[in-house]
Amino acid sequence: MRALFPDQMEPPKNILRLGLPNGSLQEPTLELLKRAGFHVVVSSRSYRPTVDDKQLELRLLRAQEIGRYVDHGFLDCGITGKDWIAENKADIEVLAEFNYSRATSNATRWVLVVPEDSPIQSVKDLEGKRIATEAVGLTQTYLEKNGVKAEVEFSWGATEVKVPELVDAIVDITETGSSLRANKLRIVDTLMESYPQFVSSKAAFQDEWKRQKMETLVLLLKGALEARDKVGLKMNVPSSALKEVVASLPAERSPTISQLANADWVAVETVIAESVVREIIPRLKSLGAEGIVEYPLNKVIP
């Protein structure tokens, strides 16, 4: 531990140590931080990214390890999957959950998987069988909950190729299930759904400055997520068409309406899903809207 965190014994004041996941969650997490307003630079030769916030120290680590390091106090906080927090039985504070994963906004799932032609149809059929997985703790808990005794072995990777020659079943992680289908595998059950969570050590959560800093980070990250797939839309609208224009906007809240210098016109501004813009702009134009501007959003703070 000392080699990994040599200055752990005397942490500087007003510094928050934040662990970020590498691997499949690295790019979407860094993109989220960018949208939240933080410029992070990652070097291929270092696990210590730099960030344009002097109050932050970043560590780039395996998602599997972050919860444990936060629990032990070597990190003040971190972003890691709910699954790995459970796998490590980490005793930490969860400040927020973020609905993103490697490629989509869907949760990742730990699933019980067998070959398509396997006779195994439920967890009960695993009695006395062999299972390979990276999430040994999650799998053992699942089996115990269902009253099944089976041998669980740790898998170092490429788990899907181990059935049926080496093991009877696997517990693997999937986002879309496409890789499993490509390997002619069938999902029997889902053990857990997982999103990334922002977690804090007990000690950091009790520190007023660190807790406030973490709450600010969470606010900005949530705002960045809220803005994902949304755009701003503003336009000038004839007062006579305002009611129809407003009725055409699928806004979550009422749009902002401002009177223009010309009493016959108003300015309308709103936030909508990017996917509907191409459908709604022709409708707005047909109602007399002019000067329609679509613009990207980095953060939407509720």
Side-chain angles (χ1 to χ4, degrees), residues 19-31 42 44-45 47 60-69 78-90 98-197:
L20 302 178
N22 61 14
S24 62
L25 281 178
Q26 178 176 326
E27 288 306 316
T29 300
L30 293 178
E31 177 62 25
V42 178
S44 60
R45 299 182 179 182
Y47 75 98
L60 195 62
L61 300 164
R62 286 169 57 87
Q64 294 91 321
E65 302 174 307
I66 290 175
R68 186 171 68 250
Y69 284 132
I79 298 175
T80 187
K82 174 183 177 181
D83 48 356
W84 295 118
I85 296 169
E87 173 72 8
N88 289 309
K89 294 181 171 62
F98 303 128
N99 61 331
Y100 73 91
S101 52
R102 178 182 61 182
T104 70
S105 59
N106 299 326
T108 54
R109 296 182 295 150
W110 283 96
V111 291
L112 172 62
V113 176
V114 297
E116 287 180 347
D117 57 357
S118 171
I120 295 173
Q121 298 296 324
S122 75
V123 61
K124 299 298 183 182
D125 298 328
L126 292 173
E127 184 71 33
K129 298 294 194 294
R130 297 179 65 213
I131 307 166
T133 183
E134 190 177 354
V136 173
L138 286 177
T139 304
Q140 290 174 336
T141 299
Y142 169 72
L143 292 173
E144 290 170 4
K145 180 180 178 182
N146 287 278
V148 174
K149 292 184 179 180
E151 181 183 347
V152 181
E153 65 179 43
F154 180 77
S155 175
W156 292 95
T159 309
E160 66 272 8
V161 306
K162 297 181 180 180
V163 284
E165 287 85 2
L166 302 177
V167 294
D168 301 290
I170 63 172
V171 171
D172 206 1
I173 194 168
T174 184
E175 187 173 333
T176 64
S178 58
S179 177
L180 299 176
R181 291 189 294 271
N183 284 281
K184 299 186 182 305
L185 299 174
R186 169 169 54 86
I187 295 175
V188 175
D189 198 6
T190 297
L191 282 68
M192 171 183 279
E193 291 189 348
S194 175
Y195 276 121
Q197 294 183 329

Minimum-distance pair of heavy atoms, taken over all atoms of [X] and [Y]:
X: Glu175; Y: Ser101; value: OE2-OG, 3.0 Å
X: Ser155; Y: Lys162; value: OG-NZ, 2.8 Å
X: Ile187; Y: Arg109; value: CD1-NH2, 3.8 Å
X: Glu87; Y: Gly137; value: OE2-N, 2.9 Å
X: Ser178; Y: Thr176; value: OG-OG1, 3.0 Å
X: Asp168; Y: Pro115; value: O-CD, 4.1 Å

Next item on the list: Using a strict 4.0 Å threshold on nitrogen-to-oxygen distance, state whether Arg62 and Glu134 make a salt bridge.
Entry: yes

Checklist line | Charged N-O contact under 4.0 Å between Arg130 and Glu151 | finding: yes

Quick one: does [X]'s side chain have a donor or acceptor within less than 3.5 Å of a partner on [Y]'s backbone?
X: Gln197; Y: Lys82; value: no
X: Gln26; Y: Pro21; value: no
X: Tyr47; Y: Leu60; value: no
X: Lys184; Y: Asp117; value: no

Can you measure from [atom1] ([X]) to [atom2] ([Y]) and round to the nearest 0.5 angstrom?
X: Leu180; Y: Thr174; atom1: CG; atom2: OG1; result: 4.5 Å
X: Arg186; Y: Gln121; atom1: CZ; atom2: CD; result: 4.5 Å
X: Ile66; Y: Ile79; atom1: CD1; atom2: CD1; result: 8.0 Å
X: Asn183; Y: Asp172; atom1: CG; atom2: CG; result: 9.5 Å
X: Ile170; Y: Glu153; atom1: CD1; atom2: CD; result: 11.5 Å
X: Asp83; Y: Asn88; atom1: CG; atom2: CG; result: 10.0 Å

Note to self: Testing Val171, Leu191, Leu126 one by one against Leu143 for a side-chain contact (heavy atoms from CB on, under 4.5 Å), which residue passes?
What the structure shows: Leu126

Check: Given Tyr100 and Leu25, is the side-chain contact (heavy atoms from CB on, under 4.5 Å) satisfied, shown in steps?
Finding: CA-CA 9 Å; Tyr100 73 91; Leu25 281 178; 4.0 Å; yes

Check: Parallel, tilted or perpendicular: which fits the ring planes of Phe154 and Trp156, with parallel below 30° and perpendicular above 60°?
Finding: perpendicular

